[in-house]
Amino acid sequence: MKPTNDNIDVFRRTLLSWWQGNARDFPWRHNRTPYRTAIAELMLRRTRAEQVVPVYNAYMEANPTLEDASQSAIDTTEALLYPLGLRWRAQNMTDFVRDARSRYGSDLPTSIDELKSLPGVGEYVSAAIACFAGDQSVALIDTNVARLLGRVFGLPVTGEARRRADVKRLAERCVPDLNPGEYHYAILDFGALICTARRPKCTSCPIAQYCNFAAKG
DNA sequence: TTCCTGCGGT
DNA sequence: ACCGCCGGAA
């Protein structure tokens, strides 16, 4: 369907209605402080959410606060993060928590500009913290979201769709003023469970009747 | 083989 | 704009 305001509203309502019965539950979706959200987001990039759960729980048990995290040795962190791959993340997370602790004390900011100045924090992670911990209506655009919006509204999704201006504008228009966190959990869950990269489950998709991609078969 | 709530260096 | 990172699951 075309990305008109009315269609975007239909999309949001259908998505949230589906989410009511299909929400995934993750530990970082509870008690959403900036610190807990940031650690989760750093672990989640290019990594499946289910895979992150045990590592996140272990990390939080070892480092309940930002101050604890800033004092933990890099070797300990490296061992904890090993199952997630991307081993440079151990150094990165260590730099992040130490820098954050020294600059902001006991808790992190939720402004995107301040967050982005921290090591390892870019477009996506800063927006995620601002949204989930700060309740700000900013757009989260990962490969999942870009693919899903592209399919539904008929924009090309090849290559680096995330960075394209039209995809970004569409994503921003879709974010609701109220409860942006729930909306983004819904769209992430929908991308992971229904609108998958390969073999999307169009036959059980509540949006298929409106969707440009499903219509094409 | 591809893909996973990306980022930083070039 | 492009590329490497990386273990694990599908």
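Order of the sequence lines sets the chain letters (A, B, ...), proteins ahead of strands, with each chain counted from 1. These numbers come from the heavy atoms of this one structure, side chains and all, not from hydrogens, waters or symmetry mates.
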Starting at [atom1] of [X] and ending at [atom2] of [N], how long is that distance when rounded to a whole Å?
X         : N       : atom1 : atom2 : value
Leu86(A)  : dC3(B)  : CG    : P     : 16 Å
Leu80(A)  : dC6(C)  : CG    : P     : 17 Å
Glu50(A)  : dA10(C) : CD    : P     : 8 Å
Glu78(A)  : dG7(C)  : CD    : P     : 12 Å
Met93(A)  : dG8(B)  : CE    : P     : 13 Å
Ile129(A) : dT5(B)  : CD1   : C1'   : 12 Å
Asp142(A) : dC3(B)  : CG    : P     : 14 Å
Leu84(A)  : dG8(C)  : CG    : P     : 9 Å

Task: Donor-acceptor pair under 3.5 Å, Arg198(A) side chain vs dT2(B) base - done: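 Counting by modelled atom types and ignoring angles, a donor-acceptor contact under 3.5 Å is found here.
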Task: Side chain Arg48(A) and base dC3(B) donor-acceptor under 3.5 Å - done: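 Counting by modelled atom types and ignoring angles, a donor-acceptor contact under 3.5 Å is found here.
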Select base, sugar-phosphate, or nothing to describe what [X] touches, counting heavy atoms under 4.0 Å on all strands.
X         : value
Glu41(A)  : base
Val145(A) : nothing
Ala128(A) : nothing
Arg24(A)  : base
Val52(A)  : nothing

Open item on the list: Parallel, tilted or perpendicular: which one describes the rings of Phe11(A) and Tyr183(A), with boundaries at 30° and 60°?
Closed with: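 If you compare the ring of Phe11(A) with that of Tyr183(A), the planes turn out perpendicular.
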Would one find a side-chain N or O of [X] under 4.0 angstrom from OP1 or OP2 of [N]?
X         : N      : answer
Arg45(A)  : dG6(B) : no
Arg87(A)  : dG7(C) : yes
Thr143(A) : dC4(B) : yes

Using the [atom1] atom as the reference point in each nucleotide, state the distance between [N] and [M] in Å, no decimals.
N      : M      : atom1 : answer
dT2(B) : dC3(C) : P     : 14 Å
dC2(C) : dT5(B) : P     : 24 Å
dG9(B) : dC6(C) : P     : 15 Å

- [ ] For Pro119(A) and for Tyr185(A), locate the closest nucleotide of DNA chain B by heavy-atom distance; then report the residue assigned to the nucleotide nearer the 5' terminus.
- [x]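 Final value for this comparison: Tyr185(A).
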Open item on the list: Could you report the tightest heavy-atom contact between Asn63(A) and Tyr35(A), atom names first, then the distance?
Closed with: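 Distance-wise, the nearest heavy atoms are O-OH, 2.6 Å.
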Open item on the list: Between Val10(A) and Leu148(A), is there shared hydrophobic-cluster membership here, with clusters defined by ILVMFWY side-chain heavy atoms closer than 4.5 Å?
Closed with: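 Val10(A) clusters together with Leu148(A).
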Would you call [X] and [Y] a salt bridge, using N to O less than 4.0 angstrom?
X         : Y         : result
Glu123(A) : Lys116(A) : yes
Arg147(A) : Asp142(A) : no
Asp166(A) : Arg169(A) : no

Open item on the list: Please pick, from dC4(B), dG6(B), dT5(B), the nucleotide with the shortest atom-to-atom distance to any side-chain atom of Val125(A).
Closed with: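 Of dC4(B), dG6(B), dT5(B), dG6(B) is nearest to the side chain of Val125(A).
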